[in-house]
Protein chains: 2
Amino acid sequence: MEKIPIEKMATILKLLGDKTRLTIVSLLNERECCVCEFVELLDMSQPSISQHVRKLRDKNIVTEKRKGQWIFYSLNKENEFYPAIASVLQQIPSQEEKLLQLEKLGKKIICD
Amino acid sequence: MEKIPIEKMATILKLLGDKTRLTIVSLLNERECCVCEFVELLDMSQPSISQHVRKLRDKNIVTEKRKGQWIFYSLNKENEFYPAIASVLQQIPSQEEKLLQLEKLGKKIICD
DNA sequence: TCATTATATAAGTATATGCTTATATGTCAA
DNA sequence: TTGACATATAAGCATATACTTATATAATGA
């Protein structure tokens, strides 16, 4: 396993050490999502979510892909820290249920 | 594996998401240490180290044991978050070398 | 073209964080 | 008992963080 320098690891843990961002990353571990889905699921303001997503984007933890008026985010599995992130996600409950609820409410964004 | 609620995990990651505290925990993963060893190894003031150690103690991540004038800290392997912490430590380089250097300099604290 | 929707960004603000300096507490040894 | 050492804690301060509100940008569809 590739070791991560202690300073870089601290940076990543700090990034994940926030309930909102950890939830976002955990949701993205299930499937790609757009900002409005985060706003719905986390019950937070759109700018607040956007600012959290930006921090993840700045560190290349997530990637974005525009589809029409929506921007979908995904976990970047190519990122050097992805294995570390995956090992954290393994230890928290799956967010699958929340995404299924979103779909039941007809609030899943579909645009393919 | 026991799952950790997302909110608690965020709290732990935040605690570890600091270079000083992550280094302290990594050092304690090698052997028990006293505060003055952290001061020496991390080149930081004694109060600053004490304050970081306190945060780890408050969350029961480390335990203390007085030996004469020194207080030795250890990783608390009974703590519910120890497995999560161990999995993080596995992914960063061992701090063994730094502890060996300390011993070469005759600065290891021995009191048994 | 214009209103609507999705998202990003900027500016402001309250609180959290991590240091500093000063001081208190506890142990040892002369 | 007193001085030295190890550690903890308190208070103060500068910077970081995570919101808020307001506004900008971009795409859609009537």
Side-chain angles (χ1 to χ4, degrees), chain A residues 6-7 10-25 27-28 32-59 61-74 102 106-112, chain B residues 6-7 10-25 27-28 32-59 61-74 102 106-112:
Chain A
I6 207 160
E7 202 152 347
T11 303
I12 294 308
L13 296 180
K14 186 175 186 177
L15 201 60
L16 298 182
D18 172 275
K19 195 199 173 194
T20 303
R21 287 191 296 269
L22 187 56
T23 305
I24 288 174
V25 168
L27 286 164
L28 292 180
E32 60 177 21
C33 297
C34 64
V35 171
C36 60
E37 290 176 315
F38 295 139
V39 170
E40 179 74 26
L41 284 166
L42 299 179
D43 193 28
M44 289 177 67
S45 75
Q46 176 268 316
S48 192
I49 292 290
S50 267
Q51 284 156 13
H52 282 295
V53 168
R54 190 186 208 290
K55 292 190 179 193
L56 295 170
R57 195 159 35 84
D58 284 349
K59 288 281 186 294
I61 302 296
V62 303
T63 54
E64 63 175 58
K65 179 171 52 179
R66 182 178 278 278
K67 291 187 185 176
Q69 63 190 144
W70 297 281
I71 295 176
F72 280 77
Y73 287 92
S74 317
L102 195 74
K107 292 188 173 174
K108 180 184 180 185
I109 304 297
I110 299 166
C111 55
D112 298 306
Chain B
I6 206 160
E7 202 151 348
T11 302
I12 294 306
L13 296 181
K14 187 175 185 177
L15 201 58
L16 297 183
D18 171 275
K19 194 200 173 195
T20 302
R21 288 191 296 270
L22 187 56
T23 304
I24 287 174
V25 168
L27 285 165
L28 292 180
E32 59 178 21
C33 297
C34 63
V35 172
C36 59
E37 290 176 315
F38 294 139
V39 170
E40 178 73 26
L41 284 166
L42 298 178
D43 193 28
M44 289 178 66
S45 75
Q46 175 267 315
S48 190
I49 293 291
S50 267
Q51 284 156 14
H52 282 294
V53 169
R54 189 186 209 291
K55 292 191 179 188
L56 296 169
R57 195 158 37 83
D58 284 351
K59 288 283 187 293
I61 302 297
V62 303
T63 55
E64 62 176 55
K65 178 171 57 177
R66 183 178 276 278
K67 291 186 185 177
Q69 63 190 144
W70 297 281
I71 296 177
F72 279 78
Y73 287 92
S74 316
L102 195 73
K107 292 188 174 174
K108 181 184 180 185
I109 303 297
I110 299 168
C111 57
D112 298 308

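Letters A, B, ... mirror the listed sequences (proteins, then strands); counts begin at 1.
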[X] side chain near [Y] side chain, heavy-atom distance below 4.5 Å:
X: B:Glu37; Y: B:Lys108; result: yes
X: B:Ile71; Y: B:Val35; result: no
X: B:Cys36; Y: B:Glu40; result: no

Any [X] side-chain N or O less than 4.0 Å from OP1/OP2 of [N]:
X: B:Arg54; N: D:dA8; answer: no
X: A:His52; N: D:dC19; answer: yes
X: B:Lys14; N: C:dT17; answer: yes
X: B:Lys55; N: C:dG18; answer: yes
X: A:Ser50; N: C:dA6; answer: no
X: B:Arg57; N: D:dT9; answer: yes
X: B:Ser48; N: C:dG18; answer: no

In whole angstroms, how far is the [atom2] atom of [N] from the [atom1] atom of [X]?
X: B:Asp18; N: D:dA16; atom1: CG; atom2: P; result: 14 Å
X: A:Lys19; N: D:dC19; atom1: NZ; atom2: C1'; result: 15 Å
X: B:Leu56; N: C:dT17; atom1: CG; atom2: P; result: 14 Å
X: B:Tyr73; N: D:dT7; atom1: OH; atom2: P; result: 8 Å
X: B:Leu15; N: C:dT17; atom1: CG; atom2: P; result: 10 Å
X: A:Lys65; N: D:dA27; atom1: NZ; atom2: C1'; result: 18 Å
X: B:Gln69; N: D:dC5; atom1: CD; atom2: P; result: 9 Å
X: A:Ile49; N: C:dT5; atom1: CD1; atom2: P; result: 20 Å

> How many angstroms lie between OG1 in B:Thr23 and CD in A:Glu7, if you round to the nearest 0.5 Å?
Replying inline: 8.5 Å
> Atom CD of B:Glu32 and atom NZ of B:Lys67: how far apart are they, to the nearest 0.5 Å?
Replying inline: 4.0 Å
> Taking for each residue the nucleotide of DNA chain D bearing the nearest heavy atom, is the 5' side occupied by A:Met44 or by A:Gly68?
Replying inline: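 The answer here is A:Met44.
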> Hey, does the side-chain of B:Gln51 have a donor or acceptor N/O within less than 3.5 Å of a partner on the base of C:dT20?
Replying inline: yes
> Do the side chain of A:Gln46 and the base of C:dT5 come within less than 3.5 angstrom through a donor-acceptor pair of N or O atoms?
Replying inline: no
> With nearest nucleotides of DNA chain C determined for B:Arg21 and B:Arg66 from heavy-atom distances, which residue corresponds to the more 5′ nucleotide?
Replying inline: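 It is B:Arg21 whose nearest nucleotide is closer to the 5' end.
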>> Of the listed nucleotides (D:dT7, D:dT20, C:dT20), which one gets closest to any side-chain atom of B:Pro47?
In response: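 Comparing D:dT7, D:dT20, C:dT20 against the side chain of B:Pro47, the answer is C:dT20.
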